Amino acid sequence: MEGVGAYTLLRVERGGLEPGVPGQFFMVEAPGRLLPRPMSLCLAPAGELGFLLEGVGPGTRALCEVEPGERLYVFGPLGNGFRLDVERPLLVGGGIGIAPFPYVAQALGDPPVLLGFRSERHAEAAVLLPNAAVVVEPTYVTEPLAELVEDHDVLACGPEPMLEAVRALAPTAQLAWEAPMACGYGACYGCSVEIDGVLKRLCIDGPILEAA
Amino acid sequence: MEGVGAYTLLRVERGGLEPGVPGQFFMVEAPGRLLPRPMSLCLAPAGELGFLLEGVGPGTRALCEVEPGERLYVFGPLGNGFRLDVERPLLVGGGIGIAPFPYVAQALGDPPVLLGFRSERHAEAAVLLPNAAVVVEPTYVTEPLAELVEDHDVLACGPEPMLEAVRALAPTAQLAWEAPMACGYGACYGCSVEIDGVLKRLCIDGPILEAA
Amino acid sequence: MILNASGCLDALAAPEVARSLDAFVTKTVTPQPRQGNRPVRIAETEHGMLNSIGLENPGIEALVAEKLPRLVELGVPIWVSVGGFAATDFAELCAALDERDEVTAIELNLSCPNVDEAPESAAEIVVAARAETRKPLYAKLSPAAADVAEVARAVQAAGADGLSLVNTMRGLVLDTHSLEPTLGTETGGYSGPALKPIALAAVFRCYRATGMPIVGMGGITTGRDALEFLAAGASVVALGTVLFADPEAPARVQAELMTELSARGLDQPEDACGISHRAAATTVA
Amino acid sequence: MILNASGCLDALAAPEVARSLDAFVTKTVTPQPRQGNRPVRIAETEHGMLNSIGLENPGIEALVAEKLPRLVELGVPIWVSVGGFAATDFAELCAALDERDEVTAIELNLSCPNVDEAPESAAEIVVAARAETRKPLYAKLSPAAADVAEVARAVQAAGADGLSLVNTMRGLVLDTHSLEPTLGTETGGYSGPALKPIALAAVFRCYRATGMPIVGMGGITTGRDALEFLAAGASVVALGTVLFADPEAPARVQAELMTELSARGLDQPEDACGISHRAAATTVA
Ligand SMILES: Cc1cc2nc3c(=O)[nH]c(=O)nc-3n(C[C@H](O)[C@H](O)[C@H](O)COP(=O)(O)OP(=O)(O)OC[C@H]3O[C@@H](n4cnc5c(N)ncnc54)[C@H](O)[C@@H]3O)c2cc1C
Ligand SMILES: Cc1cc2nc3c(=O)[nH]c(=O)nc-3n(C[C@H](O)[C@H](O)[C@H](O)COP(=O)(O)OP(=O)(O)OC[C@H]3O[C@@H](n4cnc5c(N)ncnc54)[C@H](O)[C@@H]3O)c2cc1C
Ligand SMILES: Cc1cc2nc3c(=O)[nH]c(=O)nc-3n(C[C@H](O)[C@H](O)[C@H](O)COP(=O)(O)O)c2cc1C
Ligand SMILES: Cc1cc2nc3c(=O)[nH]c(=O)nc-3n(C[C@H](O)[C@H](O)[C@H](O)COP(=O)(O)O)c2cc1C
Ligand code: FES
Ligand code: FES
């Protein structure tokens with residue numbers, strides 16, 4: 001556990017788990033809670049899995065208080081991950097949406113990164129991506145993005161309004177969505193979202209969807 | 001917390017609570033459980049309340065594992081306690097039934113004590129009453145008691161079969177009974193027992209009942 | 001406004017707890033005295049508890065003659081909970097209480113799971129009770145109904161003034177060692193935190209179906225819980241199981257509730273009543 | 001024998017989990033495809049969870065044509081859960097499944113709280129279903145009934161072969177900040193550990209009332225829980241909510257159950273069926 005600006009980095013031993021494709025997620029036990037929480041893989045150092053957490057409710061707050069040595073049940077990798085066969089990648093993250101990008105950046109050889117945060121304190125998390133361009137509210141990532149979008153293949157993760165704005169600018173972007181998830185592996189139908197008029201389970205058909 | 005043979009001694013700060021009359025009990029929060037557990041006051045050193053615990057189920061086991069510094073909600077003293085205006089007291093305890101007697105003995109100026117335990121390990125708890133005569137199964141307290149009963153006023157605490165046997169030998173004994181209790185202060189009617197053909201709540205009309 | 005849940009406090013045994021309430025609700029009284037069920041009568045579960053007290057009570061005559069005069073001295077409004085096995089029982093009980101000025105309201109316990117005799121339909125009982133008294137009548141319902149909102153509508157039509165929601169659900173606990181039922185009656189009434197979402201749903205749906213005043217209860221432990229019951233539609237909340245572990249709960253919950261309210265810019269509990277429905281109502285309009 | 005609870009596992013999305021079961025139960029299928037309810041569809045509570053999936057399913061035609069052939073390849077017996085809004089729906093579904101040899105049993109979902117249309121009485125539905133199939137019919141009941149044992153007797157008389165106990169109860173969760181219902185449908189079905197004592201009581205009472213084979217479920221998380229359901233009268237247990245947190249639960253619960261059984265000198269799960277009733281039976285005799 002270490003603080004990264006307003007966020008917390010949780011590192012667990014990898015055990016037998018594969019880190020998977022960047023953009024995939026894991027279901028992480030939240031101590032004292034019934035259901036696990038979906039968490040994007042943030043870092044994959046040798047023998048470990050790293051998750052970046054924002055304490056927004058009972059589950060994430062419990063995870064932010066995990067003590068070293070505690071055992072957590074973690075399963076994954078789950079979902080589809082980002083397509084990495086893009087020519088001119090640009091990573092666009094909003095707030096805790098930065099979470100998957102350190103691992104993505106490693107796989108893509110440090111592509112350009114654009115990050116937006118709601119405060120300077122949150123923006124400290126940009127240390128995880130040293131080359132990133134960072135904006136803080138009231139500036140939004142869409143402002144610098146408007147100038148870069150022409151020449152890039154966008155991979156974005158962040159709150160829904162940000163993803164909608166990115167989609168408007170970059171119709172071919174790969175967007176990482178969120179939905180409340182009970183299981184993360186297609187068992188509960190809790191995460192169904194309408195995609196092109198059809199209901200799909202975001203946990204197995206996503207969380208990355210092509211904008212279009 | 002300290003081990004006393006097979007039992008555990010829990011000492012809590014007294015706060016604003018009175019220790020009450022020997023034989024009264026307190027409701028003690030059992031960490032992680034919904035309902036508190038009734039516990040006889042065992043020792044009342046200055047500023048503290050001491051309880052002797054036998055870990056028999058989830059509540060008492062949780063209490064045996066309390067860490068120093070933890071806060072426990074405790075309320076009491078509750079119930080009626082022993083009548084101490086007896087001339088020739090003899091304390092008779094079986095197993096964890098020893099619990100109220102250290103505090104009783106202090107109030108009565110170290111009267112004679114007879115204790116029975118189911119093993120040598122349990123019998124180590126007799127250190128709490130240095131002058132006690134101790135028997136271990138297969139010998140039962142009723143064996144030595146039979147010889148002493150004539151000349152004494154018996155105060156007894158222990159498992160139901162023991163209390164029944166004591167009552168048979170000493171019709172005027174004061175017996176400390178048990179019943180499952182949710183509240184300990186007359187609120188739930190969970191502890192009702194039939195006494196002389198009438199239902200009474202053991203928590204407020206007991207736990208000490210005259211044998212008769 | 002904070003009450004105790006019926007059967008979860010004896011005001012005469014714990015007067016200082018009763019005085020910390022806005023009104024005291026008696027344990028359910030029946031026409032004749034009842035011994036209640038044989039022990040074991042209570043059992044803890046992982047997230048609640050079971051009871052099978054079985055309406056142990058001294059009967060209406062003794063209540064009126066011996067207990068009411070002493071209860072009045074507490075200076076707290078008194079609600080009497082009444083129960084029985086036929087509509088005539090309820091009628092008799094309400095008749096006996098109608099002239100007692102010291103009784104503020106009557107709660108009709110239509111739902112005790114520890115009494116095996118099948119009750120006549122809730123509405124019939126309310127009609128019979130209504131005929132005997134002009135005192136406020138609160139119908140106490142169980143969530144063990146295919147549609148509790150339908151029952152609520154029926155008791156409203158029958159003349160009830162309010163609802164008390166909810167009573168316990170039938171549950172079972174097995175002894176760790178023997179695997180036999182822990183309670184003497186085998187099954188018993190399930191109460192406590194596990195019940196909260198079920199109780200909240202009942203309050204929410206009955207409020208929408210009837211708009212009646214509701215005493216909300218079922219697992220309330222904190223001021224936040226109380227706030228949720230108000231938001232779902234309760235105008236008053238009642239504390240049950242929590243009183244066993246914490247006799248100081250009324251004052252604590254009240255204080256916590258006020259903190260929750262003021263954090264939301266609300267002045268008093270009444271301002272929170274039904275606020276969970278606002279957005280929904282807007283959507284419908 | 002360990003099954004999944006209907007709606008709590010997609011065998012095609014997680015074949016290795018399905019293979020760890022003794023039989024796989026499909027999510028409830030209806031005559032026509034259903035989109036299910038709008039999000040949010042799940043919400044955690046302190047001691048359980050709510051869902052309002054609303055029977056999202058591809059319809060019976062697609063199930064039989066596209067899914068059944070793939071399910072068969074798993075090599076696990078297949079139970080199909082069917083649901084609808086009228087007895088004729090159930091009849092149609094059973095007729096469509098009767099000739100499919102790959103279907104071991106049919107579960108009649110008589111109790112989904114997320115579908116608002118009032119179902120015809122449970123017994124009528126069973127009669128209609130029975131007329132169309134000779135496959136084993138399990139009637140799945142909700143504990144939200146004044147007397148679930150009475151419903152059990154009625155479906156037995158109507159021709160059911162067994163019972164699945166229990167389905168979810170209606171519950172409500174309010175959003176921490178807005179205090180509005182978290183679920184898109186406001187209320188939803190409450191499942192998980194909080195339900196266990198209610199579910200155990202239903203199994204216990206229906207076993208005594210009918211002696212029918214029972215699939216027990218509701219909050220089972222450990223082998224100890226499974227043992228308790230068997231002791232209360234279940235012959236088979238099903239895992240629901242626990243599968244979300246622990247896809248390895250079937251093997252774990254099975255292993256824990258075997259340890260519990262052998263600690264009691266019992267050889268196999270069947271030996272534990274109904275043992276909670278033994279002393280009671282002796283007393284009666
Ligand atoms: C695929 C995926 C990957 C994720 N990766 C990360 C990550 O790397 N780091 C991280 O901190 N968080 C991540 N999240 C979000 C995280 O799972 C939720 O914040 C967490 O489940 C909230 O649990 P809680 O108990 O703390 O709060 P809750 O009480 O469950 O929620 C707090 C508030 O957030 C809202 N909320 C909760 N979950 C969601 C959701 N999934 N979508 C929209 N609103 C929601 C609730 O309605 C509530 O208002 C991810 C989510 C998904 C679906
Ligand atoms: C007035 C009073 C004073 C007590 N003083 C002490 C004390 O000083 N030290 C101490 O260790 N214990 C004392 N006890 C007993 C103690 O309260 C119980 O052992 C405890 O509540 C059990 O809780 P549990 O969760 O550990 O076990 P549970 O699971 O509740 O019980 C374990 C087993 O014991 C049985 N049981 C539980 N409570 C009782 C009871 N009250 N009577 C009979 N059988 C019961 C259960 O049926 C079960 O078989 C006292 C009880 C009373 C009523
Ligand atoms: C020990 C006990 C006794 C009860 N006795 C009664 C009763 O006599 N009449 C009644 O209407 N409800 C009775 N109830 C139900 C409560 O009034 C209340 O409806 C229920 O416990 C839910 O609230 P809670 O979860 O806060 O306890 C009793 C509950 C308990 C736990
Ligand atoms: C997400 C979810 C979806 C469910 N869908 C169905 C369903 O389609 N049909 C059905 O009969 N029961 C359904 N259920 C109820 C379960 O089968 C089971 O009866 C209930 O969850 C209790 O068991 P549990 O506490 O182990 O989850 C569903 C439950 C959940 C949590
Ligand atoms: S989270 Fe359960 S199906 Fe997607
Ligand atoms: S323990 Fe509650 S009345 Fe005695």
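Per chain, numbering begins at 1; letters A, B, ... match sequence-line order. Keep in mind that what you see is a predicted model, and the values were worked out from it rather than measured.
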Notebook entry, point to check: Measuring heavy-atom distances to chain D, does C:Ala146 have an atom under 4.5 Å in its side chain, in its backbone, in both, or in neither?
Noted result: both
Checklist line | Option in D:Val203, D:Ile198, D:Val173 with maximal non-hydrogen atom pairs under 4.5 Å from chain C | finding: D:Ile198
Check: How far apart are the closest heavy atoms of C:Ala226 and C:Val237, and which atoms are they?
Finding: O-CG1, 3.9 Å
Check: Any idea which of D:Ala201, D:Ala194, D:Pro197, D:Gly48 has the most non-hydrogen atom pairs under 4.5 angstrom with chain C?
Finding: D:Pro197
Notebook entry, point to check: Which atoms form the tightest heavy-atom contact between C:Ala139 and C:Ala160, and what is the distance?
Noted result: CB-CB, 4.3 Å
Item checked: Nearest heavy atoms of C:Val215 and C:Ala238, plus distance in Å -> CG1-CB, 3.9 Å
Notebook entry, point to check: If you tally heavy-atom pairs under 4.5 Å against chain D, which of C:Ala144, C:Ala232, C:Ala199 wins?
Noted result: C:Ala144
Next item on the list: Can you tell which part of C:Glu228 gets under 4.5 Å to a heavy atom of chain D, answering side chain, backbone, both or neither?
Entry: both
Item checked: Contact leader toward chain D among C:Leu172, C:Val148, C:Thr45, where contacts are heavy-atom pairs under 4.5 Å -> C:Leu172
Notebook entry, point to check: C:His277 vs C:Tyr207 aromatic rings, parallel, tilted or perpendicular, using cut-offs 30° and 60°?
Noted result: tilted
Note to self: Would D:Val236 and D:Ile2 count as a side chain to side chain contact (heavy atoms under 4.5 Å, CB included) here? Give the steps.
What the structure shows: CA-CA 6 Å; D:Val236 175; D:Ile2 298 184; over 6 Å; no
Margin query: Tell me whether D:Asp147 is salt-bridged to D:Arg205, with the criterion being a basic N under 4.0 Å from an acidic carboxylate O.
Written below: yes
Item checked: Max heavy-atom pair count under 4.5 Å with chain D, selected residue of C:Gly192, C:Pro143, C:Ala145 -> C:Ala145
